[in-house]
Undergrad: 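Below is a structure I'd like to ask you about.
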Amino acid sequence: MATQYHSSYDPENSASHYTFLPDQPDSGHRKSLKIISGIFLSSFLLLSVAFFPILNNQSPDLQSNSRSPAPPSRGVSQGVSDKTFRDVVNASHVSYAWSNAMLSWQRTAYHFQPQKNWMNDPNGPLYHKGWYHLFYQYNPDSAIWGNITWGHAVSKDLIHWLYLPFAMVPDQWYDINGVWTGSATILPDGQIMMLYTGDTDDYVQVQNLAYPTNLSDPLLLDWVKYKGNPVLVPPPGIGVKDFRDPTTAWTGPQNGQWLLTIGSKIGKTGIALVYETSNFTSFKLLDEVLHAVPGTGMWECVDFYPVSTEKTNGLDTSYNGPGVKHVLKASLDDNKQDHYAIGTYDLTKNKCTPDNPELDCGIGLKLDYGKYYASKTFYDPKKQRRVLWGWIGETDSESADLQKGWASVQSIPRTVLYDKKTGTHLLQWPVEEIESLRGGDPIVKQVNLQPGSIELLHVDSAAELDIEASFEVDKVALQGIIEADHVGFSCSTSGGAASRGILGPFGVVVIADQKLSDVTPVYFYISKGADGRAETHFCADQTRSSEAPGVAKQVYGSSVPVLDGEKHSMRLLVDHSIVESFAQGGRTVITSRIYPTKAVNGAARLFVFNNRTGASVTASVKIWSLESANIRSFPLQDL
């Protein structure tokens, strides 16, 4: 039986008071449990004080914690982005006394991650003879960055994975300090060309070629490095540590010509160099860059691909012509976030021009406004879709990662489409195969939420969920508000879900414990400018996601277009310490990496809330429990 909440709200008092009935023993979160239908019991409180009090930077359990030195930089001296999380907001370097049970709970149930140790960028994803292949940056020796090797896994459905032996290890002078990020190009005859960045014995970033020894092998178990490596070295004017991450190649205007781009910078201007080749062993640098944006710094993990403006399927990387836009994505080393721009690609001039200069790559839209980086797409010929992978890194201490024995996961693969309604955004959505993990019929509920209310939704296991929620705003109240409200609102500086306005916030609270000590609200906030125009923001508040010090506790988010006739809608994938949130069909996406201390081991709860001061909201919710994915080693006898 779930905890019952009894509220005693006094309008003259700034807080609502609760008593709790004890839970029965929990049967464990790893069992695949069906959600019991129905909403259990609602209780109301003044959210701005009782539900979301101002976060203290200090943990109440500091006496059981210890002070640790600041972690060293990892990767910066070798010319890549820092792989160490730094709590710049609360730089106390106080480590939390994690229990093994807490750390075990953090491991995800259906996101891809290795059995142990460190992982970062997704590399060279492809589809070959019935199998999806994922390669990834991996340290076989530790849960911290270093000794980067290419891990390898295969799947029939992008959900259930089999670990394979390493594809490549750092064993040559041109990659002895790391087999870094790369991409696969599949030629018309089926050959696979894998270009990747190697860090040489002198810490110079060079590009190398590898290919499978046996194309008839569906698992692509054996890879050979080209004897003439490196095939590319930094050109004049480019720093030896500013030349990395080759893209998938696309066909050029001349017969047999292939083009690809590599990220770099000149001063503080991020650039995408363009090379041409006919054999992937000799290359020519073109005079003009694909694109450049001043002030954006080093571009890592550049991605470049077409999207259809007319159809709902993905396009092969070489596709071009009428009804096509191109997406240029860069992972910015300066802010560790993935930015993109939609524009027009001139194949003859090899130039990409953004549709809107104000939404240029690095200064406009982001693929994901949370903890998400180094993403890479591939074209899936089986289902004619473009699939996006992304690295979800850690935001806790290295000591905690070493204690739990692993670090980082990959995001759930997402399809990518052009948003024909806005003409300005991409639409990202979890691949349809994730629905195979849904355990039976969903809870379907409609709840009227008065201003300042929160309602508990009763589920057996709130740690592994697929949630679809839409919110219908009182249109009369919205139109009747004349005065400006929270002009210049920003998720990151708003103070989180505790900050109340006439029209927001309202949404869902995930991974919350019964006493609301741990809470991660994902919500909409509508602000009105001085001109009377409403703007919707989509936010994820981590400020009270954990009582532990030394973990990230910021508010992520951005504005999101909500068009006429649309309800405010979101979809959340909850997987223990990961929450992936999609607003308005995927126009705006936020990935949250959280480290709860109370809402663990069966204690997680789920709520919907309305913290607006001026109007009610009607919430329509569907909730599925998700089973665990089968992620394991490939049977040795079958290799």
Side-chain angles (χ1 to χ4, degrees), residues 123-129 133 181-197 207-212 215 220 226 231-232 235 245-264 271-291 299 301-311 313-330 340-354 361 376-388 416-418:
N123 293 155
L126 58 90
Y127 181 80
H128 179 72
K129 293 187 179 299
H133 290 253
T181 293
S183 301
T185 301
I186 302 177
L187 305 186
D189 62 1
Q191 292 187 72
I192 300 172
M193 298 294 170
M194 191 74 77
L195 289 171
Y196 71 93
T197 299
Q207 313 312 315
N208 305 306
L209 173 65
Y211 40 84
L215 280 174
L220 300 175
Y226 174 58
V231 295
L232 281 170
D245 310 335
T247 65
T248 295
W250 63 95
T251 53
Q254 302 173 18
N255 186 37
Q257 181 189 44
W258 291 87
L259 302 169
L260 62 91
T261 184
I262 297 174
S264 188
I271 62 174
L273 303 167
V274 181
Y275 285 86
E276 67 173 2
T277 184
S278 60
N279 55 15
F280 288 83
T281 59
S282 60
F283 294 80
K284 176 185 176 182
L285 176 64
L286 301 187
D287 292 335
E288 298 292 333
V289 298
L290 179 67
H291 195 51
W299 285 9
C301 303
V302 173
D303 206 0
F304 185 62
Y305 53 89
V307 289
S308 175
T309 61
E310 301 170 349
K311 301 179 181 179
N313 59 278
L315 301 175
D316 179 82
T317 306
S318 294
Y319 194 94
N320 202 354
V324 171
K325 293 286 187 181
H326 272 77
V327 177
L328 176 62
K329 188 275 308 186
Y340 75 91
I342 300 173
T344 301
Y345 172 54
D346 187 327
L347 184 60
T348 58
K349 296 181 181 180
N350 284 305
K351 298 291 288 185
C352 185
T353 303
C361 191
K376 183 172 293 296
T377 66
F378 75 101
Y379 176 67
D380 174 11
K382 179 183 178 182
K383 294 198 171 183
Q384 295 185 326
R385 59 186 175 180
R386 182 154 292 273
V387 178
L388 171 70
V416 181
L417 292 172
Y418 175 76

Undergrad: Applying side chain to side chain contact (heavy atoms under 4.5 Å, CB included), can you list everything that pairs with Asn313, at least two apart in sequence or on another chain?
TA: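 Scan of Asn313 (side chain to side chain contact (heavy atoms under 4.5 Å, CB included), adjacent residues dropped) gives Lys311, Leu315, Gln384.
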
Undergrad: So, for Pro306 and Val324, which heavy atoms are closest and what is the spacing to 0.1 Å?
TA: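 So the two residues come closest at CB-CG1, 3.7 Å.
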
Undergrad: Can you list everything that forms a salt bridge (Lys or Arg N to Asp or Glu O under 4.0 Å) with Lys129? Sequence neighbours excluded, please.
TA: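 Lys129 satisfies salt bridge (Lys or Arg N to Asp or Glu O under 4.0 Å) with no other residue.
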
Undergrad: Under the side chain to side chain donor-acceptor pair (under 3.5 Å) rule, collect the residues that match up with Thr377, sequence neighbours excluded.
TA: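 Once residues adjacent in sequence are excluded, the partners of Thr377 under the side chain to side chain donor-acceptor pair (under 3.5 Å) criterion are Asp303, Arg386.
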
Undergrad: Can you sort out the partners of Thr281 under side chain to side chain contact (heavy atoms under 4.5 Å, CB included), two or more places apart, ordered by chain and number?
TA: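 Only Leu209, Tyr226, Asn279 meet the side chain to side chain contact (heavy atoms under 4.5 Å, CB included) criterion with Thr281.
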
Undergrad: Which residues pass the side chain to side chain donor-acceptor pair (under 3.5 Å) test with Ser183, not counting sequence neighbours?
TA: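 Per chain and number, Ser183 pairs via side chain to side chain donor-acceptor pair (under 3.5 Å) with Lys376.
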
Undergrad: Do Phe283 and Val231 come within less than 4.5 Å of each other through their side chains, counting heavy atoms only?
TA: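 When only atoms from C-beta onward are counted, Val231 and Phe283 do touch, with a gap below 4.5 Å.
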
Undergrad: Mind checking ring pair (Phe, Tyr, Trp, His ring centres under 6.0 Å) for Phe304 and listing every partner two or more places apart, or none if nothing turns up?
TA: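 With sequence neighbours excluded, Phe304 shows a ring pair (Phe, Tyr, Trp, His ring centres under 6.0 Å) to Trp250, His326, Tyr345, given in chain and number order.
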
Undergrad: Can you list everything that forms a side chain to side chain contact (heavy atoms under 4.5 Å, CB included) with Pro354? Sequence neighbours excluded, please.
TA: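 Partners of Pro354 by the side chain to side chain contact (heavy atoms under 4.5 Å, CB included) criterion, ordered by chain and then number, come out as His291, Ala341, Asp360.
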
Undergrad: I would like to know whether Ile342 and Tyr418 meet side chain to side chain contact (heavy atoms under 4.5 Å, CB included); could you show each step before the answer?
TA: CA-CA 9 Å; Ile342 300 173; Tyr418 175 76; 4.1 Å; yes

Undergrad: So, taking the atom named SG in Cys361 and the one named OH in Tyr340, what distance separates them when rounded to the nearest 0.5 Å?
TA: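 These two atoms lie 10.5 Å from each other.
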
Undergrad: Just how far is it from atom CG of Leu260 to atom CD of Gln207, taken to the nearest 0.5 Å?
TA: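 Here the rounded value is 8.5 Å.
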
Undergrad: Please check if atom NZ in Lys382 has more than 12 non-hydrogen atoms from other residues, nucleotides or ligands closer than 6.0 Å.
TA: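 It does: Lys382 NZ has more than 12 such atoms within range.
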
Undergrad: Atom CG in Leu195, atom CZ in Phe280: separation rounded to 0.5 Å?
TA: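 It comes to 6.5 Å.
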
Undergrad: Quick one: does Lys329's side chain get under 4.5 Å of Cys301's, heavy atoms only?
TA: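 The answer is yes, as the side chains (C-beta and beyond) meet within the 4.5 Å cut-off.
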
Undergrad: When rounded to the nearest 0.5 angstrom, what distance separates OH in Tyr305 from CG in Leu388?
TA: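 Here the rounded value is 6.0 Å.
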
Undergrad: Check whether any side-chain heavy atom of Glu288 sits under 4.5 Å from a side-chain heavy atom of Asn350, and report yes or no.
TA: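 When only atoms from C-beta onward are counted, Asn350 and Glu288 do not touch, as no gap falls below 4.5 Å.
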
Undergrad: Do Ile192 and Tyr211 have side chains that get closer than 4.5 Å, going by heavy atoms?
TA: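 Ile192 does not reach Tyr211 side chain to side chain.
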
Undergrad: Quick check: does any side chain N or O of Thr309 sit under 3.5 Å from a backbone N or O of Gly323, one acting as donor and the other as acceptor?
TA: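 Yes, Thr309 side chain to Gly323 backbone: donor-acceptor pair under 3.5 Å.
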
Undergrad: Which value, rounded to the nearest 0.5 Å, describes the distance between Cys352 atom SG and Leu347 atom CG?
TA: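 Reported to 0.5 Å precision, the distance equals 12.0 Å.
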
Undergrad: Looking at side-chain heavy atoms only, is the closest gap between Phe378 and Thr248 below 4.5 Å?
TA: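 With C-beta onward as the side chain, the pair stays apart.
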
Undergrad: Under 4.5 Å between any side-chain heavy atoms of Val302 and Asp245, yes or no?
TA: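 Val302 vs Asp245: side chains apart.
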
Undergrad: Would you mind checking if Arg385 and Asp380 are paired as a salt bridge, meaning a charged N to carboxylate O distance below 4.0 Å?
TA: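 Yes, charged N to carboxylate O under 4.0 Å.
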
Undergrad: Identify, with sequence neighbours excluded, every residue that meets side chain to side chain contact (heavy atoms under 4.5 Å, CB included) alongside Asn255.
TA: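 For Asn255 there are no side chain to side chain contact (heavy atoms under 4.5 Å, CB included) partners, ignoring immediate neighbours.
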
Undergrad: What distance separates Leu328 CG from Leu290 CG, expressed to the nearest 0.5 Å?
TA: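 Going from CG on Leu328 over to CG on Leu290, the span is 5.5 Å.
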
Undergrad: The criterion is side chain to side chain donor-acceptor pair (under 3.5 Å); which residues satisfy it with Lys383, sequence neighbours excluded?
TA: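 Side chain to side chain donor-acceptor pair (under 3.5 Å) check on Lys383 returns Glu432, Glu433.
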
Undergrad: Taking the side chain as C-beta and beyond, is there a heavy-atom pair between Val327 and Val416 under 4.5 Å?
TA: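 Not in contact.
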
Undergrad: State which residues pass side chain to side chain donor-acceptor pair (under 3.5 Å) with Thr353; sequence neighbours excluded, sorted by chain then number.
TA: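 Thr353 satisfies side chain to side chain donor-acceptor pair (under 3.5 Å) with no residue once adjacent residues are dropped.
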
Undergrad: Mind checking ring pair (Phe, Tyr, Trp, His ring centres under 6.0 Å) for Tyr127 and listing every partner two or more places apart, or none if nothing turns up?
TA: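 With neighbours one apart ignored, the set is Tyr132.
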
Undergrad: Please check if any side-chain donor atom of Gln257 sits under 3.5 Å from a side-chain acceptor atom of Thr251, or the reverse.
TA: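 There is no such pair (donor and acceptor under 3.5 Å, judged by atom type) between the side chains of Gln257 and Thr251.
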
Undergrad: A side-chain contact here means heavy atoms from C-beta on lying under 4.5 Å apart; do His133 and His128 qualify?
TA: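 In short, these two side chains touch, coming nearer than 4.5 Å.
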
Undergrad: For Pro246 and Thr181, work out which heavy atoms get closest and say how close.
TA: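 Heavy-atom minimum between the residues: CD-O, 3.7 Å.
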
